[in-house]
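Some notes on the structure that comes next.
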There are 2 protein chains.
Amino acid sequence: MIEKLIQHINGVTALNSEEENVIRELFKEKVIPRKTFLLRSGEFANYSAFVVEGCLRSYAIDKDGYEHILQFAPENWWISDMYSAVKQVPSELNIDALLDTKVLILQRTCQLSLFDRIPKLERYFRILTENALAASNHRTIDYLTLTAKQRYEKFCNLYPTIINTIPQKSVASYIGITPEFLSKLRAERT
Amino acid sequence: MIEKLIQHINGVTALNSEEENVIRELFKEKVIPRKTFLLRSGEFANYSAFVVEGCLRSYAIDKDGYEHILQFAPENWWISDMYSAVKQVPSELNIDALLDTKVLILQRTCQLSLFDRIPKLERYFRILTENALAASNHRTIDYLTLTAKQRYEKFCNLYPTIINTIPQKSVASYIGITPEFLSKLRAERT
DNA sequence: TGTAATTATTAACCTATATTAATAATTATA
DNA sequence: TATAATTATTAATATAGGTTAATAATTACA
C-alpha cells in the first residue's frame, strides 16, 4: 500500500531511500467500506487521505437535504477538506466511499512536522495544491461560462475512467444539475 | 513597495535579514494604469503578481463576449493564472486593472529557483495556495448550494472593502449572474 | 436466483434567472 | 461645468433547468 504512495511522490519529486523510510513509518492504513464515512460534517478535518484503492467523494448537503459533490478521489488522489483544515473550523463536508476503499491517513500536525524533516514533501504538497487550485479555478470558469450540457460533455472527456464506475446521479451532482435534467440531456443527444 | 511584500511574507513565515535582501533584488515593479492589461488570453502566464496598491481582476470571456470574473486582487493579494502556469498552456484569462495599480512581478522560473535558495518561500506559497484552494472550494460549494441572492449577500459580507470600490456589474459577474438580475435582487431588499 | 433497494427515464408543469430594450443615474474627462 | 461614456434600473418576455410523480431499469444481497 505505502509503496503506491511512495511511487506517487517520486513521480513529483524524487525521494532518497532514507526519506522513503521515514514515510513508510508515518502513515496509517485505513479501510473504508462502500457507503461508510471517512469524515462527517461537524467534525474537524485535521488530516488528508491518499486513496490506494477504490474511490471516495466529498460533498455538501444543502438545506433541502440534497447532496452536492465537491470532489471525487479515485486511486492515487488525495482528498481532504482544505477549508476546515486551513481555517480550523468544523467541516461542512462529508467524505464517504463510493466503492470499497483503502486509504493512507496523514494527520495535519504530522504533515506539518514532516515538512521540516523532509522539505521535498513540502514541495510535493505545494505542487499538488497548485494543481488542485488550477483545476478548481477551471471548474469555476466552467460554471460561469458553460451550459449544463457542455459541462456534462467536458466531464465525460475529463474523467472517462470515473464515469463508468459511479452512478449517473453523482455526475449530475458534481456538474451542478438534477439527475432528471441530466437524463433529459442524455436523451437529446442523437 | 517591496517592503510591503516582505511584511506580507513575514506575516506568514518569518524571514531573516539575509533572506529579505535576496527578495529585495528579485522583484520587478510594474505600474498598470486603470483599464490596461497585465495578461491577455492567449499569452502564457509564466509569472505571478503581488498587488502593492490598486486592484486587479482576472476574467474569462465567453463565446457571446460576456466577461466572467474569476478573481479580484486588491492590495496584498497575489494574482496569476495558475492553470496556465501549471499546465504550461496559453491562458484563457485576461488580467486587467480596475484601478491604477502597482504590482511586483515574480517570474515562474525565478520563483522555482528561489524555492531552493529560500525554502521558507516554498512554505509561504504552499500556505497561500492552500488558502486559495480552500476559498475556491468554498466558492464551488456556494454555486452548488446557494441561490443568486444568497451568493450576493455572502459576497457583501466577505468582501465589504471591495464592494465599495468596484462597479456593481463586476460583483454580478463574479457571483455568476447578469447585472440586470442583480439590480432586481437589490430592489427586492426592503 | 428472486426480491428489495437504488438508480434512471419520462413527462407535465413550474421558477429562477436570462434577454432585450428603453431610460435614468453616475462617472470620466474635454 | 458640459458632454460623452459608463453603469444601474426597470419592465416585458423568454428559457434553461428544477420539481413532482409515476414507471422502468439496474444493482445489491438475502
Side-chain angles (χ1 to χ4, degrees), chain A residues 32-36 54-55 57 59-69 72 96-101 142-156 162-190, chain B residues 32-36 54-55 57 59-69 72 96-101 142-156 162-190:
Chain A
I32 306 160
R34 196 169 108 86
K35 299 203 177 181
T36 62
C55 188
R57 62 165 183 164
Y59 61 98
I61 296 181
D62 69 23
K63 64 177 200 339
D64 299 319
Y66 292 107
E67 296 172 356
H68 301 272
I69 297 179
F72 295 108
D96 69 7
L98 292 170
L99 310 169
D100 289 343
T101 300
D142 287 349
Y143 273 113
L144 295 173
T145 60
L146 302 181
T147 63
K149 183 171 215 168
Q150 292 171 320
R151 296 201 301 277
Y152 175 61
E153 279 157 5
K154 205 156 180 180
F155 186 94
C156 293
I162 295 187
I163 209 122
N164 296 311
T165 58
I166 66 173
Q168 196 170 293
K169 66 169 192 167
S170 294
V171 177
S173 169
Y174 184 91
I175 65 178
I177 61 177
T178 58
E180 294 84 354
F181 189 60
L182 179 52
S183 263
K184 193 191 267 183
L185 290 181
R186 284 162 49 83
E188 269 171 28
R189 305 203 302 176
T190 41
Chain B
I32 306 161
R34 197 171 108 85
K35 298 202 178 182
T36 62
C55 187
R57 62 164 183 166
Y59 61 97
I61 296 181
D62 70 23
K63 63 176 203 338
D64 299 318
Y66 291 106
E67 297 172 355
H68 301 273
I69 297 179
F72 296 107
D96 69 8
L98 292 169
L99 310 169
D100 289 341
T101 300
D142 286 349
Y143 274 112
L144 295 173
T145 60
L146 302 181
T147 63
K149 182 171 214 165
Q150 291 170 321
R151 296 201 302 276
Y152 175 62
E153 278 159 6
K154 205 156 180 182
F155 186 94
C156 293
I162 295 187
I163 208 122
N164 296 311
T165 57
I166 65 174
Q168 197 169 293
K169 66 169 194 168
S170 295
V171 177
S173 169
Y174 183 93
I175 65 178
I177 62 177
T178 57
E180 293 85 354
F181 190 59
L182 180 53
S183 262
K184 194 191 265 184
L185 290 181
R186 284 163 48 84
E188 267 169 29
R189 306 202 302 177
T190 39

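Here is the naming used below: chain letters follow the sequence lines, and residue numbers restart at 1 for every chain.
- A donor and an acceptor atom, one from each side chain of A:Arg186 and A:Tyr152, are located under 3.5 Å apart.
- Here A:Lys35 does not pair with A:Asp96 in a salt bridge; the nearest charged N to carboxylate O distance is not below 4.0 Å.
- Among residues two or more places apart in sequence or in another chain, the salt bridge (charged side-chain N to carboxylate O under 4.0 Å, His left out) test is passed with A:Glu153 by none.
- Here B:Arg57 pairs with B:Glu67 in a salt bridge; the nearest charged N to carboxylate O distance falls below 4.0 Å.
- A:Tyr143 is listed as a side-chain neighbour of B:Leu144, based on a closest heavy-atom distance under 4.5 Å.
- As a whole-Å value, the separation of B:Ile175 CD1 from C:dA18 C1' is 14 Å.
- Atom CD1 of A:Ile163 and atom P of C:dT7 are 16 Å apart (whole Å).
- Position along DNA chain C of the nearest nucleotide to B:Leu185 versus B:Tyr66 favours B:Leu185 as the more 5'-ward residue.
- To the nearest angstrom, C1' of D:dA28 lies 18 Å from CD1 of A:Ile166.
- Within the 4.5 Å cutoff, the side chain of B:Ile69 has heavy atoms near those of the B:Ser170 side chain.
- In this structure, NZ of B:Lys63 is placed 14 Å from P of C:dA18, rounded to the nearest angstrom.
- Protein atom CG of A:Leu144 is 14 Å distant from nucleotide atom P of C:dT17, rounded to whole Å.
- If you take CZ of A:Arg151 and C1' of D:dA16, they are 11 Å apart, rounded to a whole angstrom.
- Distance, B:Glu188 CD to D:dA11 P: 13 Å, rounded to whole Å.
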Atom pairs under 3.5 Å, N or O on each side, protein against nucleotides 9-14 of chain C: can you list them with distances?
residue : atom : partner  : partner atom : Å
C:dT9   : OP2  : A:Gln168 : NE2          : 2.4
C:dT9   : OP2  : A:Ser183 : OG           : 2.6
C:dT9   : O5'  : A:Ser183 : OG           : 3.3

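- For the pair A:Tyr143 OH and D:dG17 C1', the interatomic distance rounds to 14 Å; values are reported in whole Å.
- Taking the side chain of A:Thr178 as heavy atoms from C-beta on, and the options C:dA18, D:dT6, D:dG18, the nearest nucleotide is D:dG18.
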